[in-house]
Structure formats: C-alpha cells, structure tokens
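Working notes, structure below.
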Amino acid sequence: MLSGKIKVGIVGGAGYTGGELLRILVNHPEVEIVFVHSNSKAGNPISDIHTDLFGDTELKFTDTLSQNINVLFLCVGHGDARKFLDANAIADSIKIIDLSQDFRLAKSSKLKDRSFVYGLPELNRDRIRSASNIANPGCFATTIQIALLPLAAKGLLKSEIHINATTGSTGAGQSLATTSHFTWRNNNLSVYKAFEHQHLNEIGETLTVLQGGFDQSINFIPQRGDFTRGILAAIYLESDLTLDEATKIYENFYAEHPFTHVSKKNIDLKQVVNTNKALIHLEKHGSKLFIVSLIDNLLKGASGHAVQNMNLMFGLEETCGLRLKGVAF
C-alpha cells in the first residue's frame, strides 16, 4: 500500500468511460489525478467536454504523458490500447488498467514484458491484488459471467445456456452511428450480433476455467435498448437444483463480494444505474433455472469496475470511492 495518494493518469479521457472514470476519481479520497490525455482536446478544460464536472475540477486535457504516476487507465477503443502501448514507453513501475478488449483473452494477454490479469474480482480477486496489469472485463461479459459463475464453480453447467440481454445506448460509445442516434434509438428495439458477440469469447474462457471440460453452447442474443445506460440479462438453462438450493449456492458464492447481491424479489435496472452494484434474481420454472442479472454498463461494466480493480491492486478497501448514489426515479 502506498504511503501517499495514488497518482493516476488517464488516456482517452474525452469518451464515455473516461468521463465516468473522472466522475469517480475526482471524489476518490485516495487518488490524485496527474493528467488526462487527449490528443484532440489538449488544452481544453475537462469540464468543457464533461460539463457536469464544471465546478468540480480545474483539470485540463493534455497531449503529453507523465511517468510520475502509479497507475495508468487506458480508456481507448478496442485495438487502440495495444497500439498505444507499442508506441509509448511506460515505466515498468506503472500499473496499467485497460478498459478495451485487447488483453482479455489468455492468447492475447501479453505485450512485451507485460502480462495482463483478467480483472473480474468475483473470479480473480486474489490475482488482481498482486497484479501489475489488468484487462478490465466487457460490460455484457460482466453481467453474464456474474449470473453463471456460482454454477460453474460447482460444475453445474450441464446444458445449453440461453441468454437475452439488452444494453443502453452508451454501450456503443460516444461516436455517433446510425443505431446510436436519438431519432433511431428512441422508441426502438433491435437485435445485433446474434450468437456472435465478441464477449462470448471471454465468457466461454472464464466458464472453462471454473468448470473444466465445459463445452455447452452459449446462445447469446444481444439487444439495443432505447434507454441510456444499464444492462439486463435474462438467462435460462436446465438444472436439477431446487430454487432454495440454487439461492444458497449464489448467496454463499457472493457472500464476500461487496457489490454483488442476490435478491429474492424481482429486480429492475433503476436499482443499479449510477452504481457499481450487480444484482441477481433467481426463479425455477419446471426443470429450468431462470437468472436475471443487472449492472450499469458504464460503472460495474467499465469504469467503476476499473476503480474496484485499482482499489484491490493498491491494498485499499474494495468499495473505496465507489459507494455511489443510485437513481431511484
């Protein structure tokens, strides 16, 4: 654990995940933000882009990098994190937390002398504590893995898994596209990347780590919702467990994880929006176990998750700076 505050650098601070990271870290009691890097916004106040931070910080974007930091957050697009690290020499003493998908899979988890640990605390908390480099999980992957980890840990995934999951528009990032434009997204719903979403790779890898030999199909239907933030995953599979048995397995698995909770009542997105929480609800319908899993895609699905990992890496309380106010209505 450091004697002083954790000195932080952020690359890609102008986007959604960079903005959410800033909103958390400007109020984090153990953090000093040294720089926020953006080539396109250099010299501009952060609050010009993230206008809700006006009055909270006087920081400006910069196009230079400082080595006088303890941890570097990479909030850049998929493929760009690896390019950035190839192009810029980062001191070995600086820890890295990457929010892209570049280092999540075992086959792509190394770069030069750096090796990245998959940063899902509900799976790898002890490894994260001793890690120097973290690959932050994807938002859909986090939601779905949290729903399935307790079963995989007991070797109880014995059938095909069926998943229907809907995400808010912020999941598509800040750059405008036809399917993220208000006039298209509002009052609309669509399926995309059915059975082929890229997060299936990290989900399958994690389940295999916990349940060796797992080879069942994961049928994943992602949807674009007409709301801004949050993910709801509705999952079902064949199971011999009773509801009481399943509930006990989940409660025991997550008993020591401060952000993940099992609810015996039905759950909804507003319970997790603007928080780092993950909520799970279980039901039994005949031979099928039905699992609902919820997170905020920008917090537990990205930036809040990254800060949770930082806390673990630097020996802080896991919840430090992350006791965030939910949006009840």
Side-chain angles (χ1 to χ4, degrees), residues 20 120-123 125 137-154 156-157 159 161-168 170-171 199 203 206-207 210 218 220-223 225 227-305 307-308 317-319 322-329:
E20 286 298 278
L120 184 63
E122 290 80 2
L123 173 72
R125 185 159 57 183
C139 51
F140 270 133
T142 296
T143 316
I144 294 165
Q145 287 174 114
I146 283 174
L148 297 174
L149 290 179
L151 297 176
K154 293 283 190 180
L156 295 173
L157 296 176
S159 72
I161 301 169
H162 301 271
I163 306 163
N164 185 295
T166 307
T167 186
T170 51
H199 288 186
I203 295 166
T206 293
L207 297 181
L210 282 178
I218 305 174
F220 177 29
I221 311 298
Q223 294 185 163
F227 50 90
T228 303
R229 57 197 297 166
I231 293 176
L232 185 152
I235 301 166
Y236 68 91
L237 54 107
E238 296 290 327
S239 175
D240 295 332
L241 296 170
T242 66
L243 180 57
D244 286 344
E245 289 170 340
T247 300
K248 184 172 291 186
I249 288 170
Y250 276 75
E251 289 176 342
N252 288 342
F253 189 91
Y254 290 121
E256 303 301 321
H257 292 279
F259 291 113
T260 303
H261 308 279
V262 182
S263 172
K264 292 184 178 179
K265 296 180 180 179
N266 199 7
I267 52 179
D268 61 84
L269 274 182
K270 283 192 175 180
Q271 291 176 268
V272 297
V273 169
N274 203 45
T275 79
N276 200 53
K277 291 190 293 188
L279 297 186
I280 295 168
H281 173 66
L282 305 172
E283 297 178 7
K284 195 70 193 294
H285 297 275
S287 63
K288 293 178 174 61
L289 180 65
F290 178 55
I291 311 158
V292 182
S293 180
L294 307 174
I295 66 166
D296 183 315
N297 60 292
L298 290 179
L299 288 170
K300 184 59 173 167
S303 303
H305 204 147
V307 173
Q308 184 180 354
E317 284 291 327
E318 200 166 343
T319 58
L322 288 170
R323 291 295 190 185
L324 306 173
K325 176 189 174 296
V327 179
F329 46 83

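Here the side chain of Thr143 pairs no donor or acceptor atom with the backbone of Ser293 at under 3.5 angstrom. A donor-acceptor pair under 3.5 Å is absent between the side-chain atoms of Ser303 and the main chain of Leu299, judged by distance alone. Between the Asn297 side chain and the Gly230 main chain, a donor and an acceptor come within less than 3.5 Å of each other.
Here the CG atom belonging to Leu289 is positioned 6.5 Å from the NZ atom belonging to Lys284, to the nearest 0.5 angstrom. Considering CG of Leu243 and CZ of Phe290, their distance stands at 12.5 Å, rounded to 0.5 Å. Summarising the geometry, atom NE2 belonging to His305 is positioned 5.0 Å from atom CG belonging to Leu120; distances are rounded to the nearest 0.5 Å.
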Criterion side-chain contact (heavy atoms from CB on, under 4.5 Å) on Leu294 and Ile231, from CA distance to verdict: CA-CA 6 Å; Leu294 307 174; Ile231 293 176; over 6 Å; no
Could you give me the CA-CA distance, side-chain angles and deciding distance for Ile280 and Ile291, then say whether side-chain contact (heavy atoms from CB on, under 4.5 Å) is met? CA-CA 7 Å; Ile280 295 168; Ile291 311 158; 4.0 Å; yes
Passes side-chain contact (heavy atoms from CB on, under 4.5 Å), Leu269 versus Phe227? Steps please. CA-CA 10 Å; Leu269 274 182; Phe227 50 90; 3.6 Å; yes
Is there a side-chain contact (heavy atoms from CB on, under 4.5 Å) between Ile163 and Ile221 once you walk through the steps? CA-CA 6 Å; Ile163 306 163; Ile221 311 298; over 6 Å; no
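Inter-residue side-chain proximity for Leu210 and Leu148 is flagged as unmet; no heavy-atom pair is nearer than 4.5 Å. Residues Thr142 and Lys300 meet the side-chain proximity criterion, which asks for heavy atoms closer than 4.5 Å. Here the side chains of Phe253 and Leu149 are in contact, with some heavy-atom distance below 4.5 Å.
For Phe220, the ring pair (Phe, Tyr, Trp, His ring centres under 6.0 Å) test picks out Phe140, His197, with sequence neighbours left out. Partners of Ala141 by side-chain contact (heavy atoms from CB on, under 4.5 Å), not counting sequence neighbours, listed by chain and number: Tyr118, Gln145, His199, Glu202, Ile203. Listed by chain and number, the residues in a side-chain hydrogen bond (donor to acceptor under 3.5 Å, both in side chains) with Thr166 are Gln223 (sequence neighbours excluded). With sequence neighbours excluded, the residues satisfying side-chain contact (heavy atoms from CB on, under 4.5 Å) with Leu241 are Leu151, Leu156, Ser239, Glu245, Ala246, Ile249. Applying the side-chain hydrogen bond (donor to acceptor under 3.5 Å, both in side chains) test to Glu238 and every residue at least two apart in sequence or in another chain returns Ser287, Lys288.
Applying the salt bridge (Lys or Arg N to Asp or Glu O under 4.0 Å) test to every pair with at least one member in residues 143-152, sequence neighbours left out, gives no pairs at all. Within the structure, side-chain hydrogen bond (donor to acceptor under 3.5 Å, both in side chains) pairs that include any residue of residues 264-283 comprise Asn276-Gln308, His281-Glu283, Glu283-His285 (at least two apart or interchain). Residue pairs meeting the side-chain hydrogen bond (donor to acceptor under 3.5 Å, both in side chains) criterion with at least one member in residues 249-260, sequence neighbours excluded: Glu122-Thr260.
Nearest heavy atoms, Cys139 versus Ile295: O-CD1, 3.5 Å. Minimum heavy-atom separation, Gly304 to Leu322: O-CD1, 3.7 Å.
A salt bridge is absent between Glu317 and Arg323; no separation between the charged side-chain nitrogens and carboxylate oxygens falls under 4.0 Å.
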